[in-house]
Amino acid sequence: DAGITQSPRYKITETGRQVTLMCHQTWSHSYMFWYRQDLGHGLRLIYYSAAADITDKGEVPDGYVVSRSKTENFPLTLESATRSQTSVYFCASSEFHRGQHEQYFGPGTRLTVT
Amino acid sequence: GEDVEQSLFLSVREGDSSVINCTYTDSSSTYLYWYKQEPGAGLQLLTYIFSNMDMKQDQRLTVLLNKKDKHLSLRIADTQTGDSAIYFCAESRTGNQFYFGTGTSLTVIP
């Protein structure tokens, strides 16, 4: 199906473990984004990518690693999970058109770090 | 993040107008956006406004921008129960950095 998907939808992991959240889009959009959503903070940008092999930090990148070897995939890795990384993670994709991004969001991954 | 502010809650009666307010911080922001989030779902773009505009209307939605005061509002006319959701404003700053407000939870009372 066309669109943007995230997996897993729910994940429970332990402190110190590595976990990877997957994001896949079928539109061949150039840009992809990772956000985390926390009560009282809204959405905060973690990393974004303007194209394959091009990534850049957002507002809260510490503790996260991203890669983009293919246009359609943008995995987010927590190398050593901490309780403060318990959150809902959203992936988005967009094209940069007429100076603006129309971002399309995935359904989110709810991550709990115990 | 980065001090894009919204009030947390708003309740309106079905059929009334809703006005959701947002203050942002960066006067050089080029576009300002409104998103809607329904329970358990991702965000859905509702509308956006270019920073050199004062107003944009799109069916039941009206966006007003006061650039001097860095104030953005979203008016929903004839609010319906299906409009109950969380509404986020967002600004795009230089490069591709997006900053979202904390979200306003709109409850529509039948």
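Each chain gets a letter, A, B and so on, in the order the sequences are listed, and its residues count up from 1. Because the structure is a prediction, the values reported are computed rather than measured.
Cluster annotation: A:V66 and A:V60 are assigned to the same hydrophobic cluster (Ile/Leu/Val/Met/Phe/Trp/Tyr, side-chain heavy-atom contacts under 4.5 Å, transitive). Hydrophobic clustering of Ile, Leu, Val, Met, Phe, Trp and Tyr side chains at less than 4.5 Å, counting indirect connections, keeps A:L21 apart from A:F90. Under the 4.5 Å side-chain heavy-atom criterion for ILVMFWY residues, a single connected hydrophobic cluster contains both A:I46 and A:V19. Both B:F88 and A:V88 are members of a single hydrophobic cluster when ILVMFWY side chains are connected at heavy-atom separations under 4.5 Å. Linking Ile, Leu, Val, Met, Phe, Trp and Tyr whenever their side-chain heavy atoms come within less than 4.5 Å puts B:V108 and B:L74 in one cluster.
Proximity to chain A among residues 31-65 of chain B is limited to B:Y31, B:Y33, B:Y35, B:Q37, B:G40, B:A41, B:G42, B:L43, B:L45, B:Y48, judged by heavy-atom separations below 4.5 angstrom. Residues from residues 49-56 of chain A never place a non-hydrogen atom less than 4.5 Å from a non-hydrogen atom of chain B. Contacts of residues 30-40 of chain A with chain B at a heavy-atom distance below 4.5 Å involve A:Y31, A:F33, A:Y35, A:Q37, A:G40, listed in sequence order.
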Throw together a table of side-chain donor-acceptor distances under 3.5 angstrom for residues 106-114 of chain A, partners on residues two or more places apart or in other chains.
residue: A:T109; atom: OG1; partner: A:P8; partner atom: O; Å: 2.6
residue: A:T114; atom: OG1; partner: A:T13; partner atom: O; Å: 3.3

>> Set out, in order, the CA-CA distance, both residues' side-chain angles and the distance that settles side-chain contact (heavy atoms from CB on, under 4.5 Å) for A:H101 and B:F98, then state yes or no.
In response: CA-CA 10 Å; A:H101 289 272; B:F98 286 81; 3.5 Å; yes
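Nearest heavy atom pair, residue A:L45 against residue B:Q97, reads CD2-OE1, 3.5 Å.
Of the inter-residue distances, the one linking A:E59 atom CD with B:Y99 atom OH reads 5.0 Å to the nearest 0.5 angstrom.
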